[in-house]
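Remarks on the structure that follows.
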Amino acid sequence: MWTGVYPAVTTKFTENDELDFVEMERCFQLQMDAGCDGIIVCGSLGEAMALEPEEKIEILKLAKKVCGSKHVIMTVCESSTRRAKKAAADAAAAGANGLMVLPGVPYRSAPHETVAHIKAVAKAGGVPVMVYNNPVAYGVDVTLDMFAELADEPLIVAMKESTDDIRRATEVINRFGDRFKVLTGVDNLALESLMMGVDGWVAGLVVAFPRETVAIYKLAKAGRYQEALEIYRWFRPLLDLDVSTNLVQNIKLAEMVAIGSNDRVRAPRLALSGAERARVIKVVEDAIACRPELPELKELCDTSM
């Protein structure tokens with residue numbers, strides 16, 4: 001667990017703004033068919049803050065059905081520790097293999113408050129936890145000193161490193177060795193992070209381009225960096241779509257073009273329109289027009305090990 005490619009999947013909605021289970025099942029299965037190592041549901045890309053608690057559990061159960069023996073991680077992103085603890089316990093009871101836990105948002109907690117929140121949520125869930133550290137988006141940096149405090153909780157086993165600072169991965173590994181699994185969470189820093197030794201990739205554009213994402217990961221882990229780099233350079237304009245305030249709209253639009261899905265979002269988000277919609281579609285179509293041929297990957301590392 002906590003190694004390989006973990007798609008942060010989108011949540012699909014019907015035209016009536018209900019959960020679209022049929023389309024989610026199809027999209028989740030594409031990730032499994034491409035060789036992803038699990039799925040993370042109801043995260044930022046999954047429009048967590050727009051979902052009802054019972055909807056999150058339904059999405060989790062669907063992902064469990066599709067993933068089989070592979071791991072399904074539930075995101076816990078709540079504005080109070082009380083609600084986060086309940087969400088964690090409910091997810092664990094519904095079969096989540098692990099949790100991806102954020103500090104309480106939108107409150108910008110002090111370091112001791114952040115540590116207390118994460119520990120309380122981990123204990124309430126009772127399953128392994130990956131701390132999602134994204135100070136760029138959420139305003140709270142879970143620093144190395146804070147991870148040193150979290151290290152005494154055995155349920156906290158991994159971190160999603162989204163500080164946007166490539167130096168952080170090396171600093172974590174130098175300080176903690178193998179105490180925490182480290183997964184990059186910034187699509188357009190993924191190869192750089194893999195070359196610095198991180199264990200996995202929590203990916204966004206993977207939902208539209210799963211085979212290419214898995215290929216980059218496996219090639220990098222096999223030390224075949226030049227081959228990985230060639231695919232990554234092709235992928236880069238697409239990966240930039242993840243690093244945006246419109247990441248949900250961007251990536252759902254990429255799914256529409258690349259895998260025949262739809263770009264419906266839940267209000268207050270609105271689907272892209274006008275020039276920005278045309279720009280994103282062009283980025284995706286241009287990439288598809290020169291899609292690279294991928295190498296045979298069967299002989300490479302089994303990322304589920």
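Both Ile216 and Leu294 belong to a common hydrophobic cluster when Ile, Leu, Val, Met, Phe, Trp and Tyr are linked at side-chain heavy-atom distances under 4.5 angstrom. Transitive grouping of hydrophobic side chains (ILVMFWY, heavy atoms separated by less than 4.5 Å) keeps Leu144 and Ile173 in distinct clusters.
Within the 4.5 Å cutoff, side-chain heavy atoms of Asn246 are placed close to those of Leu272. Inter-residue side-chain proximity for Leu241 and Leu247 is flagged as unmet; no heavy-atom pair is nearer than 4.5 Å. Counting heavy atoms from C-beta on, the side chains of Ser79 and Tyr107 never come closer than 4.5 Å. The shortest distance between side-chain heavy atoms of Met256 and Ile251 does not fall below 4.5 Å. The shortest side-chain heavy-atom distance between Ser261 and Lys252 does not fall under the 4.5 Å cut-off. Proximity of Leu19 to Phe13: side-chain heavy atoms (C-beta onward) are separated by under 4.5 Å at one or more points. Side chains of Val142 and Pro103 form a contact here, defined as non-hydrogen atoms less than 4.5 Å apart. In this structure, the side chains of Lys181 and Met159 stay at 4.5 Å or more apart for every pair of heavy atoms.
Across all their heavy atoms, Met100 and Ile40 have their closest contact at CE-CG2, 3.7 Å. Smallest separation of non-hydrogen atoms from Thr114 and Met146: CB-CE, 3.5 Å.
Applying the salt bridge (charged side-chain N to carboxylate O under 4.0 Å, His left out) definition to pairs two or more places apart or across chains, those involving residues 85-95 are Lys86-Asp90. Sorted by first and then second residue, the ring-ring contact (aromatic ring centres under 6.0 Å, His included) pairs involving residues 240-281 (not counting sequence neighbours) form an empty list. Within the structure, side-chain hydrogen bond (donor to acceptor under 3.5 Å, both in side chains) pairs that include any residue of residues 263-273 comprise Asp17-Arg266, Glu55-Arg266, Asp263-Arg277 (at least two apart or interchain). The ring-ring contact (aromatic ring centres under 6.0 Å, His included) contacts involving residues 152-195 comprise Phe147-Phe180, Phe176-Phe180, where partners must be two or more places apart or lie in separate chains. Pairs of residues two or more places apart, or lying in two chains, that qualify as side-chain hydrogen bond (donor to acceptor under 3.5 Å, both in side chains) and include a residue from residues 205-216 are Glu212-Arg291.
Among the candidates Glu23, Glu255, Glu47, the single residue satisfying the salt bridge (charged side-chain N to carboxylate O under 4.0 Å, His left out) test with Lys12 is Glu255.
Not one N or O on the side chain of Glu153 forms a donor-acceptor pair closer than 3.5 Å with the backbone of Leu150. Although no hydrogens or angles enter the test, the distance criterion places a donor-acceptor pair under 3.5 Å between the side chain of Thr14 and the main chain of Glu18. Panel note: side chain Glu161, backbone Thr163; a donor-acceptor pair is recorded below 3.5 Å. Of the possible polar contacts, one joining the Tyr217 side chain to the Gly4 backbone as a donor-acceptor pair under 3.5 Å is found. Side chain of Trp234 to main chain of Ala287: a donor-acceptor pair is present (N/O by atom type, distance under 3.5 Å, no hydrogens or angles).
To the nearest 0.5 angstrom, Asn133 atom CG is 5.0 Å from Asp141 atom CG. Taking OG1 from Thr11 and CG from Leu51, the interatomic distance works out to 4.5 Å, rounded to the nearest 0.5 Å. Considering OG1 of Thr75 and NZ of Lys56, their distance stands at 8.0 Å, rounded to 0.5 Å. Residue His117 holds its NE2 atom at 5.0 Å from OG1 of Thr81, rounded to the nearest 0.5 Å. Atom-to-atom distance recorded for Lys119:NZ and Leu155:CG is 11.5 Å, nearest 0.5 angstrom. Atom CD1 of Ile73 and atom CH2 of Trp2 lie 4.0 Å apart (nearest 0.5 Å).
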For residues 186-194, which side-chain donor-acceptor pairs fall under 3.5 Å, sequence neighbours excluded?
| unit_1 | atom_1 | unit_2 | atom_2 | d |
| --- | --- | --- | --- | --- |
| Asp187 | OD1 | Trp201 | NE1 | 3.0 |
| Asp187 | OD1 | Gly204 | N | 3.2 |
| Asp187 | OD2 | Gly204 | N | 3.2 |
| Asp187 | OD2 | Leu205 | N | 2.9 |
| Asn188 | ND2 | Asp240 | OD1 | 2.9 |
| Glu192 | OE1 | Tyr232 | OH | 2.6 |
| Ser193 | OG | Thr184 | OG1 | 3.3 |
| Ser193 | OG | Leu189 | O | 2.8 |

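Under the 4.0 Å criterion applied to side-chain N and carboxylate O atoms, Glu285 and Lys282 are not assigned as salt-bridge partners. A salt bridge is absent between Asp152 and Arg179: the closest approach of a Lys/Arg side-chain nitrogen to an acidic carboxylate oxygen does not fall below 4.0 angstrom.
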Trace of the salt bridge (Lys or Arg N to Asp or Glu O under 4.0 Å) decision for Glu58 with Lys61
CA-CA 5 Å; Glu58 291 180 283; Lys61 290 179 177 178; over 6 Å; no

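Taking the six-membered ring for Trp and thresholds of 30 and 60 degrees, Tyr6 and His71 have nearly parallel ring planes, at less than 30 degrees apart.
Between the side chains of Tyr138 and Ser44, a donor-acceptor pair is found at a separation under 3.5 Å.
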